[in-house]
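One structure below.
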Amino acid sequence: MIYVDNAATTFPKPKEVYTQVLDCMKNYGANPGRSSHNLALKAETKVSEAREIVSNFFKVTNPFNIIFTCNATEGLNIGIKGVLKPGDHVISTVIEHNSVLRPLNSLSKKGVKVTLVGVDKYGQVNIANLKKEIKKNTKMIIINHASNVLGTIQYINSIGKLAKSEGILFMVDASQSAGTIDIDVCRDNIDLLAFPGHKGLLGPQGTGGLFIRSDIMLEPFKEGGTGSNSNSMNQPDFNPDRFESGTLNVPGIVGLSEGIKFIEKVGRRNIQNHEKQLIEYLLKELKKLDFIKIYGHTSYKNRCSVVSINIDTMESSNVGYLLNKKGIAVRTGYHCASLIHGIIGTIKWGTVRISPGYFNTFDDIESVIKALKEIYTGV
């Protein structure tokens with residue numbers, strides 16, 4: 001199977017991830033922060049090490065400002081619902097994932113005012129349009145760093161400067177960028193950064209995190225046992241315990257840590273450059289095929305490793321089915337980003353999404369191109 005569905009989750013993972021996850025489960029899979037025996041202490045040490053590694057990766061100065069979640073969706077919900085209250089105003093965009101759009105839709109029914117700024121046909125947000133929507137009660141701007149449909153990368157540094165100058169919280173959804181695109185929470189003026197562990201960070205599924213700037217006090221998303229202040233019925237008011245109720249996914253967190261170690265060993269820029277070369281080649285070959293419609297930028301400029309296409313009048317789901325029969329794994333449909341399809345004209349069928357990763361090769365891309373040609377000609 002040629003796997004080019006890395007925007008959904010990376011596969012395969014580095015071998016070190018598999019090795020360390022299994023080692024954790026077999027040799028010290030105890031509950032961290034709850035007991036004083038050796039296994040629990042080792043588990044706690046590994047979690048602490050992972051928190052340091054994640055913090056360093058995003059240039060976070062205080063590791064306790066990183067909380068572990070089960071995915072980016074949980075992190076986004078914690079940030080969105082922990083900040084916004086009835087009467088507040090929030091600005092986001094039509095290119096967001098449903099993990100932003102659905103919480104905002106829910107809050108809009110409870111008195112939160114929501115503005116969704118449009119994008120151009122390439123998926124780019126006009127920062128001047130963002131600025132025009134700022135009101136006296138604007139509390140937050142939420143931006144998808146890189147689109148999971150078009151691959152378009154937003155200028156988060158410029159948006160972060162705007163938000164800071166206006167005294168507005170800036171939240172970034174790094175689901176498609178964390179691990180391959182440089183993110184510095186201080187330089188980019190990011191107040192809240194949600195990221196998955198299982199995509200560009202090369203960790204296991206069921207992992208992710210949220211960076212919360214020190215001076216932001218969010219309402220906890222859930223409450224329960226934390227191993228701290230256990231004689232009190234009140235939820236701890238300090239990070240990370242305030243947001244980490246219940247037993248952590250220690251094997252997953254260990255795997256996430258190993259994924260980031262692998263990125264640092266290979267070099268984030270080297271990974272990004274490899275994916276760039278694959279996408280450049282893919283786009284160059286696709287542009288030769290008049291039966292292929294490419295959505296978004298037709299070059300790698302301002303694009304992550306995501307390409308959405310369609311074949312003439314074929315349903316995207318049928319293309320995906322035929323590719324699967326040829327041993328190629330892609331994603332088809334709407335990609336949990338409902339509003340952008342009205343702008344790019346794909347409401348009827350969605351798109352076929354091809355998302356190469358670090359472990360893909362040029363031969364893989366050749367096979368994808370060959371298969372698309374065969375599908376079109378009925379071979």
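All values below were derived from every heavy atom in this structure, side-chain atoms included, with hydrogens, water molecules and symmetry-related copies excluded.
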_No-hydrogen, no-angle side-chain donor-acceptor test under 3.5 Å, E280 and S299_ = no
*Picking from Y334, W349, Y295, what satisfies ring-ring contact (aromatic ring centres under 6.0 Å, His included) with H341?*
Y334
*asked:* Between R268 and G179 (side chain of the first, backbone of the second, donor and acceptor by atom type, cut-off under 3.5 Å), is there such a pair?
replied: no
*asked:* In terms of relative ring orientation, are Y376 and F291 parallel, tilted or perpendicular, with 30° and 60° separating the classes?
replied: parallel
*Worked check of side chain to side chain donor-acceptor pair (under 3.5 Å) between N360 and N6*: CA-CA 10 Å; N360 286 117; N6 292 279; 3.3 Å; yes
*Give me the ring orientation class for Y122 and H297: parallel if the planes are under 30° apart, tilted from 30 to 60°, perpendicular past 60°.*
parallel
*asked:* Quick check for you: to the nearest 0.5 Å, what is the distance between T73 atom OG1 and R102 atom CZ?
replied: 10.0 Å
*Could you state the interatomic distance from NZ (K265) to CD1 (I271), rounded to the nearest 0.5 Å?*
10.5 Å
*Would you say the side-chain atoms of T93 and E96 include a donor-acceptor pair closer than 3.5 Å?*
yes
*Please answer: with hydrophobic residues joined when any side-chain heavy atoms are less than 4.5 Å apart, are V83 and I168 in the same cluster?*
yes
*Short side-chain donor-acceptor distance under 3.5 Å, N302 and Q124*: yes
*Where is the tightest heavy-atom contact between D237 and R242, given as atom of each residue plus distance?*
CA-NH1, 3.7 Å
*Hey, could you give me the CG/SG distance between L248 and C70, rounded to the nearest 0.5 Å?*
11.0 Å
*Between the side chains of S316 and T332, is a donor N or O closer than 3.5 angstrom to an acceptor N or O?*
no
*If you take all heavy atoms of F359 and P12, which pair is closest and at what distance?*
CD1-O, 3.5 Å
*Donor-acceptor under 3.5 Å (E258 side chain, G203 main chain)*: no
*asked:* Any side-chain to backbone donor/acceptor pair from S308 onto V149? Under 3.5 Å, distance only.
replied: yes
_Treating N77 as the side-chain partner and E74 as the backbone partner, does any N or O pair qualify as donor plus acceptor under 3.5 Å?_
no
*Ignoring hydrogens and geometry, is there a side-chain-to-backbone donor-acceptor pair from K199 to A178 under 3.5 Å?*
no
*Do you know which of T207, V254, V47 makes side chain to side chain contact (heavy atoms under 4.5 Å, CB included) with N249?*
T207
*Verify whether one side chain among S175 and H97 offers a donor that lies under 3.5 Å from an acceptor in the other.*
no
_Once rounded to the nearest 0.5 Å, what's the spacing between atom CD1 of I127 and atom CD1 of I156?_
11.0 Å
*Taking every non-hydrogen atom, the tightest pair across G118 and V94*: CA-CG2, 3.9 Å
_Determine whether a donor-acceptor pair (N or O, by modelled atom type, separation under 3.5 Å) exists between the side chain of K164 and the backbone of N189._
no
_Note: K326-E374 ion pair, threshold 4.0 Å (strictly below)_ = yes
*Mind checking whether I141 and M171 have side chains closer than 4.5 Å, heavy atoms only?*
no
*Is V17 reachable from I263 through a run of I, L, V, M, F, W or Y residues, each pair having side-chain heavy atoms under 4.5 Å apart?*
no
_Side-chain ion pair, K293 and D312, N-O less than 4.0 Å_ = no
_I328 reachable from Y3 in the ILVMFWY side-chain graph, under 4.5 Å edges_ = no
_No-hydrogen, no-angle side-chain donor-acceptor test under 3.5 Å, E366 and Y281_ = yes
*Rounded distance (nearest 0.5 Å) linking atom CZ of F221 with atom CG of L76*: 10.5 Å
*Nearest 0.5 Å, what's the CG-CG distance between L282 and L286?*
4.0 Å
*asked:* Looking only at the side chains, is there a donor atom on one of T247 and N31 sitting less than 3.5 Å from an acceptor on the other?
replied: yes
*Salt-bridge test for R213 and D191: reply yes if a basic N is under 4.0 Å from a carboxylate O, no otherwise.*
yes
*Is a side-chain N or O of N56 found less than 3.5 angstrom from the main chain of E52, in a donor-acceptor match?*
yes
_Member of K222, R34, R51 meeting the salt bridge (charged side-chain N to carboxylate O under 4.0 Å, His left out) criterion with E244_ = R51
*asked:* Under the side chain to side chain contact (heavy atoms under 4.5 Å, CB included) test against L202, which residue among F11, F262, Y358 passes?
replied: F262
*Quick one: are S305 and L278 in side-chain contact, heavy atoms under 4.5 Å?*
no
*Closest heavy-atom contact between V4 and P356?*
CG1-CA, 4.2 Å
_So N126 and D120, do their side chains get closer than 4.5 Å, heavy atoms only?_
no
*asked:* Which residue is it: H89, E166, E133, K113? I am looking for the one with a side chain to side chain donor-acceptor pair (under 3.5 Å) to T138.
replied: H89
*Are L130 and I159 close enough, and set up right, to give a side-chain contact (heavy atoms from CB on, under 4.5 Å), and what steps lead you there?*
CA-CA 8 Å; L130 278 177; I159 299 171; 3.9 Å; yes
*Find out if a path of hydrophobic residues (ILVMFWY) with successive side-chain heavy-atom gaps under 4.5 Å connects F58 to I142.*
yes
*Under a 4.5 Å side-chain heavy-atom rule over Ile, Leu, Val, Met, Phe, Trp and Tyr, are I309 and V306 clustered together?*
no
*Could you go step by step and tell me if S214 and N65 meet the side chain to side chain donor-acceptor pair (under 3.5 Å) rule?*
CA-CA 6 Å; S214 295; N65 290 343; 2.7 Å; yes
*Determine, stepwise, if the pair V117 / I91 fulfils side-chain contact (heavy atoms from CB on, under 4.5 Å).*
CA-CA 7 Å; V117 175; I91 302 172; 3.7 Å; yes
_Show the nearest heavy-atom pair for residues P32 and A43, with the distance to one decimal._
CB-C, 3.9 Å
*Any donor and acceptor pair, going by atom type alone, linking the side chain of T45 with main-chain N or O of L41 inside 3.5 Å?*
yes
*Name of the residue among K135, K136, K139, K110 meeting salt bridge (charged side-chain N to carboxylate O under 4.0 Å, His left out) with D88*: K139
*What are the two closest non-hydrogen atoms of N310 and G350, and how far apart are they?*
ND2-O, 2.9 Å
*Are K161 and D188 within salt-bridge range, i.e. N to O under 4.0 Å?*
no
*asked:* Hydrogens and angles aside, do T10 and H198 bring a side-chain donor and acceptor to less than 3.5 Å of each other?
replied: no
_Backbone of V125 reached by a side-chain donor or acceptor of Q154 within 3.5 Å_ = yes
_Applying side chain to side chain donor-acceptor pair (under 3.5 Å) to S257 and E49, what does each step give before you reach the verdict?_
CA-CA 8 Å; S257 176; E49 289 175 356; over 6 Å; no
*Testing L84, V90, V114 for side chain to side chain contact (heavy atoms under 4.5 Å, CB included) with L107, which one passes?*
L84
*Hey, is the main chain of A7 close enough, under 3.5 Å, to the side chain of S355 for a donor-acceptor pair?*
yes
